[in-house]
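Report on one structure; see the data block that follows.
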Amino acid sequence: MGRIYISDLENHVGEEVQLHGWLYNKRSSGKIRFLLVRDGTGIVQCVMLKTGVPENIFALYDTLTQESSLSIKGKVRKDERAPGGYELEVTDIPKIYQIAQDYPITPKEHGIEFLADRRHLWIRSSRQHAILKVRHRIIKAIRDFFDGRGFTLIDSPILTPAACEGTTTLFETEYFDLGKAYLTQSGQLYGEAAAMAFGKIYCFGPTFRAEKSKTRRHLTEFWMVEPEVAFNDLNDTMDLAEEFLEYIVQTVLRECERELKVLERDTTKLQNVKKPLPRITYDEAVEILRKNNIPFEYGNDFGGTDETVISEHFDRPVMVHHYPAAVKAFYMKRDPEKPHLALAVDVLAPEGYGEIIGGSQREDDYDTLVARIKEHNLPQEAFEWYLDLRRFGSVPHAGFGLGVERTVAWICGLEHVRETIPFPRMIYRLTP
RNA sequence: UCCGCGGUAGCUCAAUGGUGGAGCAUCCGGCUGUUAACCGGAGGGUUGUAGGUUCGAGUCCUACCCGCGGAGCCA
C-alpha cells in the first residue's frame, strides 16, 4: 500500500491506500462521520463508521479543524453518494501534522475584500483552485502551440530604458548611475529584433501598466504572450491568431472538463471557437454601433461597452482590423492605399470579455518609422537599436499580443480578471 | 483623476433619530449516508476615524481613511 493522490483514486478501487492532505470540511451524523480531504489534486470524502474504526481514531473527528493537515489511510470505494464518485472508507489516521487554528475562509459567503486580503489562503478553495488549473493549462497550450510550429521562445527584458507605448503608464525605478529604468509594457520591440534573428519567435512574460484603471478587465501586472513572425503581413497574423485561439479553447474544453464544471461554465459558446473567425473592418464595426444607436464618434477607439455590442453580433471571437492610425501605436504600418488606416487587428472575445488580442503589421521602412517617432514626440536616441532593424535587412513582419488573464477570465466565465492570476496586482492592492 | 455606492459580531447582512438583531462560524449537546448536512443551547459589539447637530446618533451634517462598481486608458 503506497501513498497516492486523490486524482488517482479511480485506479485503486478496492485497495487500501494512504493520502496526505488537508481537511476541507467535515460533516457528522452521529455514529457516521465524513471528512472531506483535499490534497491539491482533488477532494475526497472519507467515511468513518463508529463500528468500523478504533475508538481513538473515531474520536479524532472532534479535534480536527478546517485545514488541519494529516495522513489518512483507507479503502477506496466507488459510491454514487460521494462527491466525485469515489470515497475512502477510513481505517486509520496515522499522522496529524497540525491542528489548524480557526481558518478564516469558511464554506460560506464572503466579501471580495475579505477574500482578497487572504488570497494566500483563498487559492485553496475549490473554485479558485479550478481557475488556476485552467490558467496553467492555457499557458501550457500557448507554449505547445508555438513550440509545435517551430517558434523559438525569446525572453524579453522586464527592466527597460524607455516606453514602447504611452509614457504616462510606466512604473519607474532608479537604476544605479544610469538614471531611470521602467518596467516593461510589452516585449514586442525586442520580439521584432528576435524575429529578424530567428524568423518565428514568441515572448511570454509579465508586463506592467501603471494605468489608474479600476475595472473588471484591468490589472497593473499581467501576462502577455507575443508572437512575432518575419515576412508575415496583417492577414498572416490574423490567420495565426485564429488558429491560436481555436487551439487554446479546444484544448481547455478537452482537458479541463472537471474544472469548467466546478466553475459552472456554459461551454456551448466556447465550442464555436473554431476557424474561420469573422473578420470585419473598423468601419464595419462602427456601422454595427450605428445600427444599435450607440453614440460613437468616428475615429475614436472602442470603449468597453462598444466592444460588447460589437462582439454580441457574433457567436465566436471577432477580428476587427484597419483602425484609424491616430488611435494606434507608432510602430504600426499603415495601409499603403489608405494611409490614415493602420494595419492593425484587435480580437474581441464574446460575452463582453473585450479585447484579448491586439496585433499589427509593423512599420518596416526606416524613414517612415523615424517620422512616426517624431510625430509621437518620442526620444529617437532611445530607439536607435530598434531603427537598426530597418537599416540591416528590413522585411515585412507582423505579430500580436494576447492577454493571458482576460483569456482565462473569458474561458472560465469570470466576472473579474483578479481571480485569474495567483496574486493579483491592482491599483489599490499590492498585498499579499 | 472623475462619477456612483458602501464600512454594524470572526463572516454575510438587518435595525422609522428612542433598549443594536439574525443566519453561518466558535463552544456544549443530539443524530448510522452526510452533500455549503441538520436539530437544540451558550458565549460573542469602541457600529471605519475625528469632530459637530440633538434631551438622545448605527441612523442627520462636515472632514478624513479604507473598500467596491464604473468611466477614461488599455491586454
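Note that this is a predicted model, so its numbers are computed, not measured. We name chains A, B, ... by the order of the sequence lines, and we start the count at 1 in each one. Both backbone and side-chain heavy atoms feed into the values below; hydrogens, waters and symmetry mates do not.
- A straight line from CD of Gln128(A) to P of rA36(B) spans 18 Å, rounded to a whole angstrom.
- Nucleotide rA14(B) is matched to nothing when pairs are restricted to Watson-Crick or G-U wobble geometry with both distances under 3.5 angstrom.
- Using a 4.0 Å cut-off between charged nitrogen and carboxylate oxygen, Arg429(A) and Asp117(A) count as a salt-bridge pair.
- No engagement by Thr407(A) is indicated, since no non-hydrogen atom pair under 4.0 Å with the nucleic acid exists.
- Base contact: Leu49(A) has a heavy atom under 4.0 Å from a base atom.
- When heavy atoms are screened at a 4.0 angstrom cut-off, Phe222(A) is found touching base atoms of the nucleic acid.
- For Asp306(A) and Gly354(A), each mapped to the nucleotide of RNA chain B holding its nearest heavy atom, the one lying further toward the 5' end belongs to Asp306(A).
- Regarding contacts with the backbone of rA71(B), every side-chain N or O of Arg216(A) stays at 4.0 angstrom or more from both OP1 and OP2.
- Thr207(A) comes within 4.0 angstrom of no nucleic acid atom, judged by non-hydrogen atoms across all strands.
- No contact: Glu405(A) has no heavy atom under 4.0 Å from any strand.
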After noting the C-alpha distance and the side-chain angles of Asp39(A) and Thr41(A), does the key distance pass the side-chain hydrogen bond (donor to acceptor under 3.5 Å, both in side chains) rule?
CA-CA 6 Å; Asp39(A) 73 349; Thr41(A) 73; 2.7 Å; yes

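- Pair check for rC60(B) finds rG52(B); Watson-Crick or G-U wobble, both atom distances under 3.5 Å.
- No side-chain donor from either of Arg81(A) and Gln45(A) sits under 3.5 Å from a side-chain acceptor of the other.
- Among the protein residues, His218(A) comes within range of the nucleic acid bases, having at least one heavy atom under 4.0 Å from a base atom.
- With a cut-off of 3.5 Å on both Watson-Crick or G-U wobble distances, the partner of rG6(B) is given as rC66(B).
- Among the atoms of the strands shown, base atoms are found under 4.0 Å from some heavy atom of Glu87(A).
- Minimum atom distance to the side chain of Phe34(A) is reached by rU34(B), of the listed rC74(B), rU34(B), rC68(B).
- A salt bridge is defined here as a Lys NZ or Arg NE, NH1 or NH2 lying under 4.0 Å from an Asp or Glu carboxylate O, and Arg418(A) with Glu405(A) fails to meet this definition.
- Residue order along RNA chain B, read from the 5' end via each residue's closest nucleotide, puts Ala116(A) first among Met224(A) and Ala116(A).
- As judged by a 4.0 angstrom heavy-atom cut-off over every strand, Asp346(A) is placed among residues making no nucleic acid contact.
- Residue contacts for Glu355(A): at a heavy-atom cut-off of 4.0 Å it reaches the sugar-phosphate backbone alone, with no base atom in range.
- Residue contacts for Leu36(A): at a heavy-atom cut-off of 4.0 Å it reaches no nucleic acid atom on any strand shown.
- Test Ile138(A), Leu270(A), Thr267(A) against Val249(A) for side-chain contact (heavy atoms from CB on, under 4.5 Å) and you get one pass: Leu270(A).
- Nucleic acid contact class of Pro104(A) (heavy atoms, under 4.0 Å, all strands): none.
- Contact annotation: Lys108(A) does not reach the phosphate of rU12(B) (side-chain N/O to OP1 or OP2, under 4.0 Å).
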